[in-house]
2 protein chains.
Amino acid sequence: MTTTPRTRLSPEQRREQLLDLGVRLLAHRSLDELSIDLLAEEAGISRGLLYHYFGSKQAFHEAVVRHAADDLIAQTTPPTDGEPLVRLMTSLTAYVDYVVANHEGYVSLVRAAAGGNESLRAIYEDARSSLNSRAFREDLRGEVVADTPANRLVVRAWSAMAEDAVLTWIDDPHGMTQEDLIGFLVASLPAVIAVTPEG
Amino acid sequence: MTTTPRTRLSPEQRREQLLDLGVRLLAHRSLDELSIDLLAEEAGISRGLLYHYFGSKQAFHEAVVRHAADDLIAQTTPPTDGEPLVRLMTSLTAYVDYVVANHEGYVSLVRAAAGGNESLRAIYEDARSSLNSRAFREDLRGEVVADTPANRLVVRAWSAMAEDAVLTWIDDPHGMTQEDLIGFLVASLPAVIAVTPEG
DNA sequence: TCACTCTATTGACGGTCGTTCAATAGCGCC
DNA sequence: GGCGCTATTGAACGACCGTCAATAGAGTGA
């Protein structure tokens with residue numbers, strides 16, 4: 001038992017350390033397997049310190065999910081110019097690349113959000129609509145996708161399809177290359193918009 | 001404190017009672033808010049009895065989710081004849097009707113499965129592929145959807161889109177009628193299949 | 001009607017984990 | 001080199017999961 005003597009960090013450093021560790025541990029565990037005990041031990045601190053910084057397990061989980069979601073947003077920078085469908089393809093490629101590179105972490109993020117409470121889902125929804133708005137609200141509006149209520153529902157549903165397709169493809173490519181996958185995703189958006197009831 | 005005297009039921013009756021209660025409570029709670037304590041109190045029994053019947057909290061959760069999934073399958077009987085796309089529409093209508101009628105319960109089911117462990121997800125996947133196979137594997141194969149690996153991935157992704165669309169629509173119809181929604185879902189399947197890379 | 005048996009059911013106990021809070025000890029400052 | 005601020009600790013409490021020997025309800029036979 002090598003009990004490290006207490007090390008005193010600045011609040012910013014400590015917060016960052018705990019959030020990074022939380023995201024890292026989340027990659028190989030579900031959210032409720034991410035206990036305060038486990039994290040405190042991994043970080044070499046007492047349980048009490050986590051409560052000093054985050055107040056509750058719930059709040060800590062929210063902070064970890066937000067941290068992971070921010071990472072996703074940051075690492076998939078939006079294209080700023082070019083043809084609408086090309087921008088969409090660029091955006092989707094960045095997304096697929098990110099999911100491929102952070103497979104376990106991304107799956108944990110999605111599951112944590114889907115199975116979590118209102119707050120966790122809201123955080124994930126924010127990230128998702130942020131990804132969507134990059135591709136549609138600013139770029140494709142009025143070009144590929146008219147901004148109608150029905151189309152908003154359809155675009156949201158389409159992004160659920162895209163997420164499922166990417167995660168399924170990673171587990172088993174079904175004979176498709178990454179280009180096939182992205183090509184399908186890009187083409188499917190106008191395809192489903194075309195069959196949307198008039199809005 | 002009115003402590004009811006112990007009532008002795010047959011194992012079948014007791015099991016049924018506990019599962020029904022579990023599904024009913026799940027409608028207004030997440031799965032990990034469904035504690036053994038809570039359920040035992042609601043059922044008017046001791047915690048020990050739940051362990052006698054289900055062995056563990058995990059096993060009880062699985063039984064509840066399976067019970068709810070079976071209910072979904074049972075209440076959405078498959079069409080047996082007619083044109084392929086008509087059968088698809090009938091099947092989707094039954095699905096949408098079910099989700100509308102059991103909104104809270106269905107949402108809890110989906111969230112429990114998505115946020116749960118391997119076993120819970122497997123149960124939900126079974127139910128989902130059972131719904132899918134009704135509409136595609138037996139009916140549409142070779143007619144609307146050729147049975148290729150890529151198409152399997154696409155059909156799976158399409159069903160994720162359908163689920164998201166229905167749940168979003170229930171919260172906010174976005175100006176769409178139920179016929180609009182179902183029409184969109186029916187039309188979107190051939191639409192996305194049409195842009196699937198050759199398999 | 002009364003044992004008697006079978007087993008459905010209980011309640012108390014041990015362990016894990018989330019949460020609180022008064023006490024402790026690093027680190028910068030004078 | 002001492003002092004004060006505050007980052008950090010660890011013990012204590014409650015809620016909940018899981019176990020098991022003891023208990024009591026209900027049918028059965030006389």
Side-chain angles (χ1 to χ4, degrees), chain A residues 1-22 25-26 28-65 108 112 115-120, chain B residues 1-22 25-26 28-65 108 112 115-120:
Chain A
M1 297 301 178
T2 58
T3 60
T4 335
R6 68 164 66 172
T7 58
R8 187 188 174 105
L9 300 182
S10 75
E12 294 73 26
Q13 285 179 313
R14 187 61 86 186
R15 247 189 101 86
E16 197 67 17
Q17 176 209 1
L18 296 177
L19 287 178
D20 284 343
L21 181 59
L25 290 180
L26 192 60
H28 295 286
R29 267 162 258 271
S30 79
L31 198 58
D32 50 53
E33 287 167 352
L34 189 60
S35 67
I36 300 289
D37 270 336
L38 174 68
L39 196 125
E41 181 160 3
E42 288 287 326
I45 60 167
S46 66
R47 287 197 300 281
L49 195 58
L50 253 120
Y51 284 89
H52 176 70
Y53 280 106
F54 298 98
S56 73
K57 185 191 184 188
Q58 184 55 229
F60 176 64
H61 282 173
E62 289 172 18
V64 169
V65 168
S108 292
N117 63 7
E118 189 64 33
S119 310
L120 286 175
Chain B
M1 298 299 179
T2 57
T3 61
T4 334
R6 68 165 67 172
T7 57
R8 187 189 173 104
L9 299 183
S10 76
E12 294 72 28
Q13 285 178 314
R14 187 62 85 187
R15 245 189 104 85
E16 197 68 16
Q17 176 210 3
L18 296 177
L19 287 178
D20 285 343
L21 181 60
L25 290 180
L26 193 60
H28 295 287
R29 265 162 259 274
S30 80
L31 198 59
D32 50 55
E33 286 167 351
L34 188 60
S35 68
I36 300 288
D37 272 336
L38 175 67
L39 195 125
E41 182 160 3
E42 288 287 326
I45 61 166
S46 68
R47 284 196 302 283
L49 195 58
L50 252 119
Y51 285 90
H52 176 70
Y53 279 106
F54 298 98
S56 72
K57 184 191 183 187
Q58 183 55 230
F60 177 64
H61 283 173
E62 288 172 19
V64 168
V65 168
S108 293
N117 63 7
E118 189 64 33
S119 310
L120 286 176

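Bear in mind the structure is a predicted one, so any value in this text is a computation, not a measurement. In what follows, chains carry the letters A, B, and so on, assigned in the order in which the sequence lines appear, proteins first and then strands, with residues in each chain numbered from 1.
- Whole-Å rounding puts the B:Leu50 CG to D:dC20 P distance at 17 Å.
- If you check every strand for non-hydrogen atoms under 4.0 Å, B:Ser46 touches a base.
- In this structure, the separation between CG on B:Leu21 and CD on B:Glu42 is 6.5 Å, given to the nearest 0.5 Å.
- Atom CG in A:Leu38 sits about 13 Å away from atom C1' in C:dT16, given to the nearest Å.
- We find the CZ-CG distance between B:Arg6 and B:Leu49 to be 9.5 Å, quoted to the nearest 0.5 Å.
- One atom, CG of B:Asp32, and another, P of C:dT16, lie 21 Å apart when rounded to the nearest Å.
- The distance from atom CD of B:Glu33 to atom P of D:dC16 is 11 Å, rounded to the nearest whole Å.
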**OP:** Using the side chain to side chain donor-acceptor pair (under 3.5 Å) rule, take A:Glu33 and B:Asn117 through it: C-alpha gap first, then chi angles, then the decisive distance, then the call.
**Re:** CA-CA 10 Å; A:Glu33 287 167 352; B:Asn117 63 7; over 6 Å; no
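- The interatomic distance linking B:Glu12 (CD) with C:dT7 (C1') rounds to 13 Å, in whole Å.
- Distance CG/A:Leu38 to CZ/A:Arg47: 12.0 Å, rounded to 0.5 Å.
- Looking only at side-chain heavy atoms (C-beta outward), A:Arg15 and A:Phe54 come within less than 4.5 Å of each other.
- Counting non-hydrogen atoms under 4.0 angstrom, B:Phe54 reaches nothing in the nucleic acid.
- Two end axes, each from the C1' atoms of five base pairs, can be drawn for the helix from C:dT1-D:dA30 to C:dC30-D:dG1; they diverge by 10°, to 10 degrees.
- Here D:dG25 presents its C1' atom at 16 Å from CD1 of B:Ile45, a figure rounded to the nearest Å.
- A:Ser108 places a side-chain N or O within donor-acceptor distance of the main-chain N or O of A:Leu26, the cut-off being under 3.5 Å.
- Atom-to-atom distance recorded for B:Phe60:CZ and B:Leu18:CG is 6.0 Å, nearest 0.5 angstrom.
- The phosphate of D:dA7 has OP1 or OP2 within less than 4.0 Å of a side-chain N or O from A:His52.
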**OP:** Could you walk me through whether A:Gln58 and A:Leu120 pass the side chain to side chain contact (heavy atoms under 4.5 Å, CB included) test, one step at a time?
**Re:** CA-CA 9 Å; A:Gln58 184 55 229; A:Leu120 286 175; 4.1 Å; yes
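- As judged by a 4.0 angstrom heavy-atom cut-off over every strand, A:Tyr53 is placed among residues touching the sugar-phosphate backbone only.
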Original post:
Using a cut-off of 4.0 Å between protein heavy atoms and nucleotide atoms, how would you tag nucleotides 19-30 of chain C 5' to 3' with B, S and -?
Top reply: BB---BSBS---
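- Protein atom CG of B:Leu39 is 14 Å distant from nucleotide atom P of C:dT9, rounded to whole Å.
- What separates CZ of A:Arg15 from C1' of D:dT8 is a distance of 17 Å, to the nearest Å.
- Counted within 6.0 Å of CD on A:Glu41, heavy atoms from surrounding residues, nucleotides or ligands total 12 or fewer; the atom is thus considered open.
- Mapping B:Ser10 and A:Asp37 onto DNA chain C via the closest heavy atom, the residue that lands nearer the 5' end is B:Ser10.
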